**Student:** 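Can you keep this structure in mind? I'll have questions shortly.
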Amino acid sequence: MIRRALRFARPALALALPALLAGPVAGQRSALVAEVGASRFLPPVGVEGEAASYLLVGLRGDRLGSGGSGVTASLLAGWASGGGTGGDFLSGEVAGLMRTDLGRGWEVGGEVRASAFTVGDPVPYRAGALEGEAFLRARAGPVRATVAGTGGVGRSTVELRRFVRGPSVEVTDDLWRYGARAEVLAGSAAVAAGLAAGYHESAGGSYGSLGGRLAVGVAGGALEFRLDVWDTPVGNETTGGVALAIPFGIWSVRGFGGRSEPDPLTLAEPGRGGGGALVGVRLTGSDDARTVGAVSRGRALHRVLEATPAGARVRFTLPAPDGIDGTDEVALLGDFTLWSPVPMERAGAVWTVEVEVPAGTHHFGFTLDGEWHLPEDAPDAVPDEWGRRSATLVVED
Amino acid sequence: MNRMWTGRLARALLLLPALGLPALLSGQETAQSRARSALPPAVFQELERMGGEVERSGIPPELLFNKALEGAAKGVPGDRLLPAVASYSRRLLQAREMFGPQAGPPILVAGADALQRGVPEGALRRLGARGDRSPMAVLVLAELVEAGVPVERASDMVGEAMQRRVRQGEMLAMPEEVRRLMRQGRSAQDAAEQVQRAMRRGRGGGVGPPVPPGSEPLTEERQRLMRRRPGAGGV
């Protein structure tokens, strides 16, 4: 089965592997992560049977620029046990991502994703798909709205035998879907909540969904709760659950629990319930935003978004827990602003602003209602000649 | 146009460069032009004199105007600006002498900062002699020394990191990793040794910082998490 699946996924892997394995360059981050885990799931809605347990082994990698554009790839194998209705499976996916910051809080981007899946039991089933999405995202203060148009085509093949020892017959189906989704989230990087909706036409009929999201930043990672009501060609379903992804240095944990969603492309039915978790270890690369000389670390006050011809575009962030909750005006000052205050905007629990910084070694800090301020634990702080401190930012050529 | 007006116009044109015409044409204000408008005339004149002195040593006078503007922005009284700029000027000249005539403003500023943070001149000179003229290397050296790592050990770590072409992200994380181990009770020397060993093992030995919580990674990651394939059960 694995040999057959690899043959199936070979073209996508041939495209992705050179990009993933090449050494990263400035402004990019890359990582190759090996994962192992387990999951247990009840059969999908409409299928009678026992729960299936899986031992999961996977490999995933990404190579992304500081702006979030790049390529990701993953391979996940599952061995079924316990006499459930699921079989051993292998799935692979390669995705290319593109994002462009239009300024003034607007962002446009897209994703093209090729995926393949094969499972041996209860009947041999293979599916391959090419999907794409184009999105427009707007941000105004703590509110972020996304609208996206999606579409995909694919093909699935089922091998059926009329007799146990008889010849197999391959039944092939063309898969397609197109539609749109929208999402509105409000909050900060620490907590955000909102609504999501989607509508898709597919080979199996129309799918509509409406749901809620609650995303929480925890321990350097993310935790999300979701609840959706689906109108599918075979009836109404409620799905939902919790998903998490938490890194610990080179280690990471990600998992999912709840009722999984239907898939308009492969026409998979919603799951009845289940969950699983994967523990990963980073084999190469680093997950930090390795950029043109300035990285986010510790209690970072700045993050390089992208390299520019003269230096870099940098987002400066000042967390609210520094006792600035009652502050009316927060501003960024640095040698790159000629020490003129640049007003920062409140975004949930932080104050933030984006500015262009030329290549060089720079000093900066903040004013709270006109008073100089630098957090106690600011990294790379250098004492000035007047008993105060400034933060340092190095943007290399 | 009579001769008198022609003469006035010529004088005006000759004065324009001094009044910051390049900055006006490029649409960008310089530290010098801003200092001219923001600082008392006497302070500005003294700054111009000091700027001329450092310029003869190849140091851009803009660095001194910027330092004065920094002080003004921090609310420092005018009489305390010039002594601070003079002190900064001396450190820049020291850095120029340490790193050589080829050193650009980024390494000079980093060197002046390192001196201010207590890095001995000899350590910076050794770094420069090895050809490690990266402002990042100087910054990390200063961070390590400030964290309490003995100067020799810190110089050795930074030199080795540069030699091994350790990623900037991992190099910048070294001081914080040393501090973390020190908070766990290790001595600065032990902590530095451990981080250096991790660096030798490759991939930074887990020294790299975790992904900070942020809205973009959160959105991408949760989309990836929730993507489902039949049989895989959503994981």
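Quick note: numbers below take in every heavy atom, side chains included, and nothing from hydrogens, waters or symmetry partners. Source: prediction; values computed, not measured. Chain letters run A, B, ... following the sequence lines, proteins first, then strands; residues in each count from 1.
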**Student:** Name the one of A/Thr392, A/Asp384, A/Asp380 that satisfies side-chain contact (heavy atoms from CB on, under 4.5 Å) with B/Asp113?
**Tutor:** A/Thr392
**Student:** Only pairs of heavy atoms separated by less than 4.5 Å count here; which of A/Glu371, A/His363, A/His362 has the most with chain B?
**Tutor:** A/His363
**Student:** Any heavy-atom pair between the side chains of B/Glu62 and A/Asp335 that's under 4.5 Å?
**Tutor:** no
**Student:** If you compare all heavy atoms of A/Thr361 against all heavy atoms of B/Pro135, which two are closest, and at what distance to 0.1 Å?
**Tutor:** OG1-CB, 3.4 Å
**Student:** Is chain A contacted by the side chain of B/Pro105, its backbone, both, or neither, given a heavy-atom distance below 4.5 Å?
**Tutor:** neither
**Student:** Would you compute the distance between atom CZ of B/Arg80 and atom CD of A/Glu385 and round it to the nearest 0.5 angstrom?
**Tutor:** 10.5 Å
**Student:** How many angstroms lie between CD in B/Gln116 and CZ in A/Arg389, if you round to the nearest 0.5 Å?
**Tutor:** 13.0 Å
**Student:** Do B/Lys74 and A/Leu333 touch side chain to side chain, with heavy atoms closer than 4.5 Å?
**Tutor:** no
**Student:** Side chain from CB out, backbone as N, CA, C, O: work out which of these in A/Ser340 comes under 4.5 Å of a heavy atom of chain B, or both, or neither.
**Tutor:** both
**Student:** Looking only at heavy atoms, which two atoms of B/Ala73 and A/Trp339 are closest? And how far apart?
**Tutor:** CB-O, 3.6 Å
**Student:** Is B/Tyr88 close to chain A through its backbone or its side chain, or both, or neither, when contacts mean heavy atoms under 4.5 Å?
**Tutor:** both
**Student:** To the nearest 0.5 Å, how far apart are OG1 in A/Thr337 and CZ in B/Arg34?
**Tutor:** 8.0 Å
**Student:** Measure across A/Gly360 and B/Pro106 and return the closest heavy-atom pair with its distance rounded to 0.1 Å.
**Tutor:** CA-CG, 3.7 Å
**Student:** Please flag which part of A/Ala381 lies under 4.5 Å from any non-hydrogen atom of chain B: side chain, backbone, both or neither.
**Tutor:** backbone
**Student:** With a 4.5 angstrom heavy-atom cut-off, which part of B/Glu146 approaches chain A: side chain, backbone, both or neither?
**Tutor:** side chain
**Student:** For B/Glu70 and A/Ser390, work out which heavy atoms get closest and say how close.
**Tutor:** OE2-OG, 3.2 Å
